[in-house]
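Keep in mind that what you see is a predicted model, and the values were worked out from it rather than measured.
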Amino acid sequence: MTQPIEDYALIGDLMTSGLVGRDGSIDWLCLPRFDSGACFAKLLGDEENGHWRIAPLGAADGERCTRRAYIDGSLVLESYWETDTGTVKVIDFMPQRDVAPDVVRIVEGISGTVRMLSTLRMRFDYGHVVPWVRRSDGERVAVAGPDSAWFRSEPPVRTWGQDNSTRSQFPVTAGRRVAFVLTWHPSHQPRPEPTDPFEALECSLSDWREWASQCRYEGPYKEAVTRSLITLKALTYAPTGGIAAAATTSLPEEIGGVRNWDYRYCWLRDATLTLGSLLTTGFLDEARAWREWLLRAVAGAPADLQIMYGIAGERRIPETELPWLPGYASSAPVRVGNAAVDQLQLDVYGEVMDALHLARSAGLPAEAHSWRIQLALLDFLEQNWRRPDEGLWEVRGPRRHFVHSKVMAWVAADRAVRTLESDPSLPGEVARWRAMRDEVHRDVCDKGFDPERGTFTQYYGSRELDAATLLIPRVGFLPPDDPRVTGTVDAVRAELGRSGLVRRYSTADSVDGLPGDEGAFLACSFWLADALQLTGREDEARALFERLLTVRNDVGLLAEEYDPVSGRQLGNFPQAFSHVGLVNTALTLAGLEKRTTEAG
């Protein structure tokens, strides 16, 4: 049975993550990193592709827990099951690792007596490899090639092999706790020291609550903001500070469609928006780590700047298809890697310049080489901004002169001018960058604006619209009260609106080179709320924001997109871009977000 995407909750250890369904099954888990092969891939296949379910004995396939929630200020999940014989809860989490990644599941009796069943199917390499499982000192160890996983319970419970799975059955009474620990490590290395599951629980709660207590935001919607910030932290790869766009690959933008991509990497498009949310809410260490990841990733020849990188800054992310997986709800193909890494997207130069300018303005200590990298990027952009590109949305059709790409070229020049004006001691030709800024501005206004309809378009010469143009007042290209801005907001809302939310663009003319459709894009819907607020329509902005809050699932998580007709979340999950949008819109509504809205 395919569970709705929104039925999943996230657990993670700041290096990888897993998804736990409302039926008590972990259906997605990549070890040891976000972008590693999954050892549980039922999410994109079926039970034989790997999963781990703990539920009351006799619970039907797909039967859901009674209720669940994260413990406040943490990524520790509690799921309650109420049965005819009693009530039990399952606590799921991944402790921040010392050496090896652990998944800990603690079953605790609340009342009566409940018989529980654990069914573990380990399948390495995205559900493709069935490991050899053996007993060792009362535990189970699964080995296949480079992968090894140890499975144990505390106290020990009856465990046996059945149908290529490891099963455990046991009763729990009020106050009794039974813990299971699954530990991965490279098969050629000695088994790591066992984790104490109960001590790990206390440490995990302490770690998360200590981190969440740093949040400086005290405005409206604090619960939603805090949960989104915890989600962003959970998608952060701690060793490098890189933030994965999502925890999954190939969750479809249309059920049964082919718009299925791997999002377990770091996109430069997220740089400024993410940095702004972290800086404004008080998470300076995370902002600094993200800035440092950005500087390391973009170092090199400016012509080689990529739109995305691996979580440690890797440049090669080859895209392949996994034919043995049928895809979520038969949405094939399943892809790993992302061929868009090789696209030309000129907007990323503006996003990098904007992020580094924001970091400097916020007082983060500047790296000595940062400005030299920025000047090199700007030199390249000055010679190349007139080229067509694939644009922000990574279209797989022909290159075009996308308006958003040109606007971000303007942003790059503008931030250089602002930096030199604020610190004349830095090297650079401020007059040269002013001239470039003015030329780009004229070009966009002359070729990217439709005076007949009073709106900016998706690309030069097009009548199609693009929700990315909602960012024009936010980045300062034009002031919010400019008629071209208000006209664009109204046009995007009218033509790209879907039940009050917003699509990225129309798929009717196949500008992206792909068949099928997609849902409303949640980040763009937050951008609309921002634009409404900036243009003085606060009541409409707040109403839209509160509508978007209802799209979150029961534990506060958002995917990439939403289908208002079916009421289903779509796309990879949870999506960092959606949660950054939520945080930034809350800050905008509270009047706290520090963004320039003055035209250059």
Side-chain angles (χ1 to χ4, degrees), residues 6-31 34 40 52-55 64-81 87-98 100-110 116 118 153-154 172 175-184 194-215 222-238 247 283 286 552-558 573-574 579:
E6 61 270 16
D7 268 12
Y8 288 97
L10 180 74
I11 57 174
D13 66 357
L14 307 186
M15 292 191 202
T16 191
S17 59
L19 295 182
V20 186
R22 294 186 69 173
D23 65 349
S25 179
I26 301 178
D27 291 345
W28 183 254
L29 177 66
C30 298
L31 294 172
F34 291 106
F40 299 148
W52 180 12
R53 188 186 189 199
I54 297 181
R64 299 177 174 186
C65 64
T66 308
R67 67 184 189 278
R68 64 177 183 172
Y70 286 113
I71 297 177
D72 285 347
S74 80
L75 201 70
V76 177
L77 180 71
E78 292 184 322
S79 302
Y80 288 82
W81 297 82
T87 300
V88 67
K89 73 175 175 181
V90 180
I91 304 169
D92 290 316
F93 65 102
M94 294 184 70
Q96 295 184 26
R97 72 179 76 165
D98 292 323
D102 297 298
V103 178
V104 180
R105 313 193 74 180
I106 300 175
V107 184
E108 181 176 337
I110 304 300
M116 301 293 289
S118 166
S153 61
E154 189 175 318
V172 286
R176 186 188 184 211
R177 296 196 296 178
V178 176
F180 294 89
V181 182
L182 180 68
T183 303
W184 178 95
T195 295
D196 181 322
F198 305 109
E199 181 180 324
L201 173 60
E202 297 307 314
C203 290
S204 289
L205 287 171
S206 176
D207 289 343
W208 277 109
R209 286 168 171 167
E210 181 180 355
W211 182 84
S213 69
Q214 300 174 60
C215 183
K222 183 176 180 180
E223 177 275 329
V225 169
T226 301
R227 178 50 52 194
S228 287
L229 289 167
I230 289 173
T231 304
L232 289 174
K233 178 66 172 177
L235 292 172
T236 301
Y237 185 62
F283 293 100
E286 284 70 23
R552 299 179 303 155
N553 74 356
D554 60 312
V555 290
L557 300 181
L558 290 169
F573 176 89
H579 286 280

Residues two or more places apart in sequence or in another chain: which of them pass side chain to side chain contact (heavy atoms under 4.5 Å, CB included) with [X]?
X    : result
D72  : none
E210 : none
S118 : W52, I54, F151, S168, F180
A55  : R53, A59, W81

- Going through the checks in order, is the side-chain contact (heavy atoms from CB on, under 4.5 Å) test met by L31 and F40? CA-CA 9 Å; L31 294 172; F40 299 148; over 6 Å; no
- Query: Looking at residues at least two apart in the chain, or sitting in another chain, which of them share a side chain to side chain donor-acceptor pair (under 3.5 Å) with E154?
  - Reply: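 With sequence neighbours excluded, E154 shows a side chain to side chain donor-acceptor pair (under 3.5 Å) to R152, given in chain and number order.
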- Message: Run the side chain to side chain donor-acceptor pair (under 3.5 Å) test against E78 and tell me which residues pass, sequence neighbours left out.
- Response: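 Only K89 meet the side chain to side chain donor-acceptor pair (under 3.5 Å) criterion with E78.
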Would you say that [X] contacts [Y] through its side chain, given a criterion of any heavy-atom pair below 4.5 Å between the two side chains?
X    : Y    : result
D554 : R22  : yes
L19  : L10  : yes
H579 : P574 : yes
R177 : I91  : no
P194 : V181 : no
Y80  : C65  : no
L75  : Q96  : no

- Heavy atoms of W28 and A247 approach each other most closely as NE1-O, 3.0 Å
Residues in salt bridge (Lys or Arg N to Asp or Glu O under 4.0 Å) with [X], at least two apart?
X    : result
R176 : none
D27  : none
D23  : none
D102 : none

- Item | Derivation and outcome, side-chain contact (heavy atoms from CB on, under 4.5 Å), residues I71 and F93 | CA-CA 11 Å; I71 297 177; F93 65 102; over 6 Å; no
- Task: Say whether, by atom type as modelled, one donor and one acceptor occur between the side chain of T226 and the main chain of K222 under 3.5 angstrom.
- Result: yes
- Query: Are any side-chain N or O atoms of T16 and backbone N or O atoms of C30, one a donor and one an acceptor, separated by less than 3.5 Å?
  - Reply: yes
Show every donor-acceptor pair shorter than 3.5 Å between a side-chain atom in residues 196-206 and any protein atom, with sequence neighbours excluded, or say none if there are none.
{"unit_1": "D196", "atom_1": "OD1", "unit_2": "F198", "atom_2": "N", "d": "3.0"}
{"unit_1": "D196", "atom_1": "OD1", "unit_2": "E199", "atom_2": "N", "d": "3.1"}
{"unit_1": "S204", "atom_1": "OG", "unit_2": "A200", "atom_2": "O", "d": "3.0"}

- Step by step, would you call M116 with V178 a side-chain contact (heavy atoms from CB on, under 4.5 Å)? CA-CA 10 Å; M116 301 293 289; V178 176; over 6 Å; no
- Note on the structure: d(L558 CG, N553 CG) to nearest 0.5 Å is 7.5 Å
- Query: Measuring from F34:CZ to L14:CG, what's the distance to the nearest 0.5 Å?
  - Reply: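 One finds 7.0 Å between CZ of F34 and CG of L14.
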Considering only distance and modelled atom types, tabulate donor-acceptor pairs under 3.5 Å from the side chains of residues 229-236, sequence neighbours left out.
{"unit_1": "T231", "atom_1": "OG1", "unit_2": "R227", "atom_2": "O", "d": "2.9"}
{"unit_1": "K233", "atom_1": "NZ", "unit_2": "E286", "atom_2": "OE2", "d": "2.9"}
{"unit_1": "T236", "atom_1": "OG1", "unit_2": "L232", "atom_2": "O", "d": "2.9"}
{"unit_1": "T236", "atom_1": "OG1", "unit_2": "K233", "atom_2": "O", "d": "3.4"}

- Message: The test is side-chain contact (heavy atoms from CB on, under 4.5 Å); show your working for I11 and R105 and say whether it passes.
- Response: CA-CA 11 Å; I11 57 174; R105 313 193 74 180; over 6 Å; no
